[in-house]
K.L.:
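Pasting in a structure now, in structure tokens, and then I'll have a few things to ask.
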Amino acid sequence: MLQQTRVAQGIPYYLTFVKSFPTVHHLAKAKEEQVLKLWQGLGYYSRARNLHATAKFISEERDGIFPDTYKELIKLKGIGDYTASAIASICFDRPEAVVDGNVYRVLARYYGVELPINSKEGISFFRELAHRVKDVQNIKDYNQGIMEFGALQCTPKNPDCNSCPLHNDCVALATDKVAVLPVKTKKTKIRKRYFNYLVVVDENNSTLLQQRIGPGIWQNLYEFPLLETDKEIELEEVGESLKGIVAVEAPFEVYLYNENQVVHKLSHQHLHTRFWIIHAADKLENGIRISDLHKYPVPVLIADFIKAFKI
DNA sequence: AAGGCGGGGGT
DNA sequence: ACCCCAGCCTT
């Protein structure tokens, strides 16, 4: 749950999850839609789908017994090097060293390692370094300690090296490289996309919702019928494209809900979004009551609209 | 080996 | 704006 996510952001989700799914069997028996709903807003939704799939596997194929070695753990969906090491060491006292973003930073600075942490060579180097310097006498506290040390003391920006208990031996501090370590190559460039959501409203206050299918963002989450274009479009074009997307008989009324585009920012895409309200005179075939929209797992972009939308 | 995949918080 | 977060998966 915490992969690429701050602990503080994940905690409320964790609490809701363990309350809703007290055992792996409860999670295994849940509908994916419920799992995604509880995950809504946390992002990286493949984690939720993988967690669910692995719960099914553990419950149905292993009688609820979790593997207790790195070698077996890493075979599970959604569990990579870090998570397999974390579970094996913290839960089962196995001598595995975790390497997360915090550990990369602490090791890179303390040992003055300038290999990029996102290169093949860097990844294997840091992994071996972490295993060489780990403390197997108390592996769980060591692993959690070095991660916490990175989060609280050896921070990405402006670490307070004066107060650091390791400042006598830190290579980065001695060579004035604290600010440039760890090294990370290339930044992802951001793609602009133009989303036009078609919010159809009929006389029953029902609307249309559809599930996104992969590949791409928000797999298996719900959204309004979408007209994606390669640039901004105007009312006329929406009216023309409308009938190919939603089954609405004329006459209908279309208007723009948000005069200013909502720019929803993902790590790698900026979604320039407009919501178009379409009042249909007839009754929708597969309409969903607007008052029921809150039951569906949706991206934050859609959740924010639903929250603000008053007919 | 590189890129896709969210959303929020800090600077 | 840009960076980072108890990373993993697919191509």
Side-chain angles (χ1 to χ4, degrees), chain A residues 1-14 36 39-51 53-54 73-91 96-108 115-124 126-127 130 139-152 154-160 179-191 193 212-221 223 262-271 273 297-304:
Chain A
M1 184 173 268
L2 296 181
Q3 289 162 2
Q4 282 293 282
T5 299
R6 283 175 203 284
V7 175
Q9 189 188 358
I11 284 176
Y13 288 86
Y14 171 78
L36 287 173
W39 202 274
Q40 178 178 313
L42 196 55
Y44 285 160
Y45 298 94
S46 65
R47 294 179 296 177
R49 299 192 304 270
N50 287 336
L51 184 69
T54 292
L73 285 162
I74 202 164
K75 295 178 184 172
L76 303 174
K77 273 187 193 171
I79 295 188
D81 180 68
Y82 162 77
T83 308
S85 301
I87 296 173
S89 63
I90 296 170
C91 302
E96 308 288 351
V98 297
V99 184
D100 75 335
N102 295 301
V103 176
Y104 277 122
R105 188 167 54 254
V106 173
L107 295 180
L115 285 173
I117 62 172
N118 55 350
S119 67
K120 183 185 173 74
E121 191 184 357
I123 290 169
S124 66
F126 279 100
R127 179 171 159 66
I139 191 65
K140 13 185 133 173
D141 285 350
Y142 171 80
N143 275 336
Q144 295 183 76
I146 190 172
M147 290 190 284
E148 197 71 359
F149 182 77
L152 299 181
C154 196
T155 52
K157 304 287 182 187
N158 309 321
D160 184 4
V180 299
L181 292 178
V183 174
K184 204 170 182 178
T185 63
K186 62 194 172 270
K187 46 182 179 256
T188 63
K189 55 173 173 245
I190 293 170
R191 178 160 73 112
R193 301 176 71 177
R212 280 189 78 93
I213 53 172
I217 59 174
W218 302 332
Q219 272 179 55
N220 298 2
L221 274 67
E223 65 183 0
V262 176
V263 183
H264 187 76
K265 296 178 177 179
L266 309 181
S267 53
H268 55 308
Q269 298 179 14
H270 284 186
L271 310 176
T273 307
V298 297
V300 166
L301 174 63
I302 301 297
D304 286 348

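All chains are named by letter (A, B, ...) in the order of the sequence lines, taking the proteins before the strands, and each is independently numbered beginning at 1.
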K.L.:
If you measure from the P atom in B/dG6 to the same atom in C/dT11, how many Å do you get, rounded?
P.N.:
15 Å
K.L.:
For nucleotides 9-11 of chain B, give me every protein contact, N/O to N/O, under 3.5 Å, one pair per line with atom names.
P.N.:
{"unit_1": "B/dT11", "atom_1": "O3'", "unit_2": "A/N158", "atom_2": "ND2", "d": "3.4"}

K.L.:
Rounded to whole angstrom units, what separation is found between the NZ atom of A/K187 and the P atom of C/dA1?
P.N.:
14 Å
K.L.:
DNA chain B: A/S119 or A/Q4, which has the more 5' nearest nucleotide?
P.N.:
A/S119
K.L.:
Would you mind reading off the distance between A/Q3 atom CD and B/dG7 atom P, rounded to a whole angstrom?
P.N.:
17 Å
K.L.:
Tell me the interatomic distance from A/E148, atom CD, to C/dC5, atom C1', rounded to whole angstroms.
P.N.:
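For the pair A/E148 CD and C/dC5 C1', the rounded distance is 13 Å.
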K.L.:
How close or far is atom C1' of B/dG4 from atom NZ of A/K186, stated in whole angstroms?
P.N.:
14 Å
K.L.:
Are A/T5 and B/dG7 close enough that a side-chain N or O sits under 4.0 Å from OP1 or OP2?
P.N.:
no
K.L.:
How close or far is atom P of C/dG7 from atom CG of A/L2, stated in whole angstroms?
P.N.:
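Whole-Å distance recorded here is 8 Å.
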K.L.:
Could you pick out which residue, A/T188 or A/Y45, lies toward the 5' side of DNA chain B when each is mapped onto its nearest nucleotide?
P.N.:
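Residue closer to the 5' terminus by nearest nucleotide: A/T188.
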K.L.:
With DNA chain C as reference, determine whether A/Q9 or A/K77 sits nearer its 5' end, using the nearest nucleotide of each.
P.N.:
A/Q9
K.L.:
Quickly work out the A/Q219 CD to B/dG6 C1' distance and round it to whole Å.
P.N.:
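Result: 13 Å.
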K.L.:
List the atom pairs, with distances to 0.1 Å, where a side-chain N or O of residues 74-82 of chain A and a protein N or O form a donor-acceptor pair under 3.5 Å, not counting sequence neighbours.
P.N.:
{"unit_1": "A/K75", "atom_1": "NZ", "unit_2": "A/E72", "atom_2": "OE2", "d": "3.1"}
{"unit_1": "A/D81", "atom_1": "OD1", "unit_2": "A/Y70", "atom_2": "OH", "d": "2.5"}
{"unit_1": "A/D81", "atom_1": "OD1", "unit_2": "A/R127", "atom_2": "NH1", "d": "2.7"}

K.L.:
Remember a base hit wins even if backbone is also touched, and classify A/T83 as base, sugar-phosphate or nothing at under 4.0 Å, heavy atoms.
P.N.:
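The residue A/T83 makes sugar-phosphate contact but no base contact.
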K.L.:
When both hydrogen-bonding distances must be under 3.5 Å and the geometry is Watson-Crick or G-U wobble, what is B/dG6 paired with, if anything?
P.N.:
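Here B/dG6 is not engaged in any pair, so there is no nucleotide opposite it.
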K.L.:
Given atom CZ of A/R193 and atom C1' of B/dG4, what is their separation to the nearest angstrom?
P.N.:
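A/R193 atom CZ is separated from B/dG4 atom C1' by 11 Å.
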K.L.:
Between B/dG7, B/dG6, C/dG7, which one does the side chain of A/H264 approach most closely?
P.N.:
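From the listed options, B/dG7 comes nearest.
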K.L.:
Applying a 4.0 Å non-hydrogen cut-off, can you work out what A/G41 is touching in the nucleic acid: base, sugar-phosphate, or nothing?
P.N.:
sugar-phosphate
K.L.:
Please report, rounded to the nearest Å, how far the C1' atom of B/dG7 is from the CD atom of A/Q40.
P.N.:
12 Å
K.L.:
Reckon A/V7 touches a base, only the sugar-phosphate, or nothing at all at heavy-atom distances under 4.0 Å?
P.N.:
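Base: the residue A/V7, judged by heavy atoms under 4.0 Å, touches a nucleobase.
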K.L.:
Taking any heavy-atom pair under 4.0 Å as a contact, classify A/R191: base, sugar-phosphate, or nothing.
P.N.:
nothing
